[in-house]
Amino acid sequence: MDNRDIARRLRETADLMEVAGEDSFRIRSYRKAADAIDAATVPLASLCDDPRRLLELPGIGKTMCGHIVELVGSGQLGLHQELLARFRPGMLELLQVSGLGPKTVALIWQTYNAGSLDEVEALAKAGKLRELPRMGAKAEEKILRGIAVHRELSGRYRRDQIAAVIELLRPVLSGAPGVTQLAFAGSYRRGKDTVGDLDIIASGPGFPQQGAGVVAAFLAAPRVDTVLAQGENKVSLRLQGDGLQVDLRLLPPESFGAALQYFTGSKQHNIHLRSRAQQLGLKLNEYGLLRDSDGVMIAGATEEDVYSALGLDYIAAELREDAGEIEAAASHSLPHLITQADIRGDVHMHTTASDGRASILEMAAAAADRGYQYICITDHSQALAMASGLDERRMLEHLAAIRRDEKEFQASHPGFRVFAGIEVDILSDGRLDMADEVLAQLDLVIGSIHSRFDQSSEDTTARILRAVGNPHLDLLGHPNGRLLLRREPYQYDFERILDACQAAGVAMEINASPERLDLNDVQARRCRERGIPIVINTDAHHPRHLDNIGYGIATARRAWLEAHDVLNTLPAELFLSRLRQ
DNA sequence: GCCGTTTTCGGCCCGACTGTTTTCAGTCG
């Protein structure tokens, strides 16, 4: 049982305790313990022999220590089991539904003895939920919508979840006997925000026949739950916990490139590519590019060979959606996609002044370590009280601290800039929740929507448009604002918002936090087409979150963005002047 | 349940928003 599993079990316990109506502070301590376990750098299982070391972790006391030892020892937690027996496993899923919280779930359970997605959906459809106190037709409708969204998204996995699995499997597979090449393909490689499964290609001399070693290593990998299929060419299995399906395919080196191309997709891109091959008298499959007439293989060892033999420039995986990339590759007009190395600064991050985990100086040091030349500190404003957001007085103090710390940091890092900003909330009437005279003193003002808002598209559009009209607003942060895999995106008239941004000189953010799906491919592309500047930020709450920039880069590449489309590829002074022009 | 004392019990993140209310509970972040 690894740290992730332990943390998950404690979080589930907290969820169920919430339904049971337990003390909220007691519940919070379970979640805090889970957070601490996720943040721990040592496997907890290795500490269980000496519980004193467990107690050193923040938020882990005597009871949690006992829970951890129990989980590591038996793989189960008595309290967790009891709660599951008292309620029902389906309740954990119900709590994931947007609009359904512990109180409502508990009420439905007490009244109707219903505790699963199907049961609650049936009750809602039968109009039974509106009979409950404080519930009405609208609430019922909202729950049905939440269930529909949940159904649509379940079985999809966030990019960072897949990255964690890859981190686990890569050393196991690359070190397996006979493996000379290894690649993770599928929609993950295409840079999608969410993926349905993970495709792995391994090749080595004599594969697949000589690949027994890698199959054995795969089957013995950590977190393997069940084997779904096992043949000579392919092994499929399901992982414990989240149930992710992972497919491993074995191929000889001469087919590696063709297989990588084939299993990277997308389906539409491959269909188009195969028809192009056909027109050239060729046949393309996962083993190679073959001549129709005699079946001789012309290419297959590398993807570059395959594209080249088809008369195409190499097409980056992120572009492979059959959205004009094949035509562009044929006419040598593919974009020079932005890369991580182009980014010179990250201008959306939090510190301990609101809900971040590190100080201004620690964030600056982390950014400098990653080769950046500037950052901007953008803590939350007061509307996000839960994150201990700043009111005017605290913001002014924070501003002074940022200016002070910048000077101090420049002593060891000459020229490094620490800008002062804020992430304000766009309230329902379009106002920003911070006085203009304070905003005027800041280098960067990011407007975001945090509060729940599922009114009509017209209302949301008006809300954002009004905020864009505020002369102090520089950057529109996650207007789409949904937590990935959980919520419906806000509906609004994006073109009208872009009109307003263009008129007001407001830039758009790509928020690289793995939990946010903020500017989707289409939106980022529309910004590029309309010449609206984009800023790629991580929204870091911890120094290590700065590494998430890769997720934003993937989104940007999918939207065909080049370095000059993105403002934070500019040096510090130019960045600020372009942003505030 | 954890933590840190004002050492053995009290504090712990709270405001915006909606839908159902005639004053507020539930959800979300």
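Predicted model only: the values in this text are computed from it and were never measured.
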Query - Nucleotide forming a Watson-Crick or wobble pair with B/dG11, both distances under 3.5 Å - result: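 Its partner is B/dC2 (Watson-Crick or G-U wobble, both distances under 3.5 Å).
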Requested in this report: Answer yes or no: is there an ion pair linking A/Asp118 with A/Arg151, defined by an N-O contact shorter than 4.0 Å?
Outcome: yes
Whole-angstrom distance between [N] and [M], as gauged at atom [atom1]:
{"N": "B/dT5", "M": "B/dC13", "atom1": "P", "value": "16 Å"}
{"N": "B/dG1", "M": "B/dT6", "atom1": "P", "value": "25 Å"}
{"N": "B/dT20", "M": "B/dC28", "atom1": "P", "value": "15 Å"}
{"N": "B/dG26", "M": "B/dT21", "atom1": "P", "value": "13 Å"}

Query raised in the report: Where the side chain of A/Ala385 is defined as all heavy atoms beyond and including C-beta, which of B/dC14, B/dC2, B/dC12 is the nearest nucleotide?
Result: B/dC14
What does [X] touch in the nucleic acid at a heavy-atom separation under 4.0 angstrom: a base, only the sugar-phosphate, or nothing?
{"X": "A/Lys32", "result": "nothing"}
{"X": "A/Pro102", "result": "sugar-phosphate"}
{"X": "A/Ile27", "result": "nothing"}
{"X": "A/Ala14", "result": "nothing"}

Query raised in the report: Taking CD1 from A/Ile449 and P from B/dC17, how many angstroms apart are they, rounded to a whole number?
Result: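 Going from CD1 in A/Ile449 over to P in B/dC17 covers 10 Å.
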Requested in this report: Quickly work out the A/Lys138 NZ to B/dG19 C1' distance and round it to whole Å.
Outcome: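 Whole-Å distance recorded here is 8 Å.
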Report task. Report the residue from A/His545, A/His380, A/His398, A/His542 that forms a ring-ring contact (aromatic ring centres under 6.0 Å, His included) with A/His350. Result -> A/His380
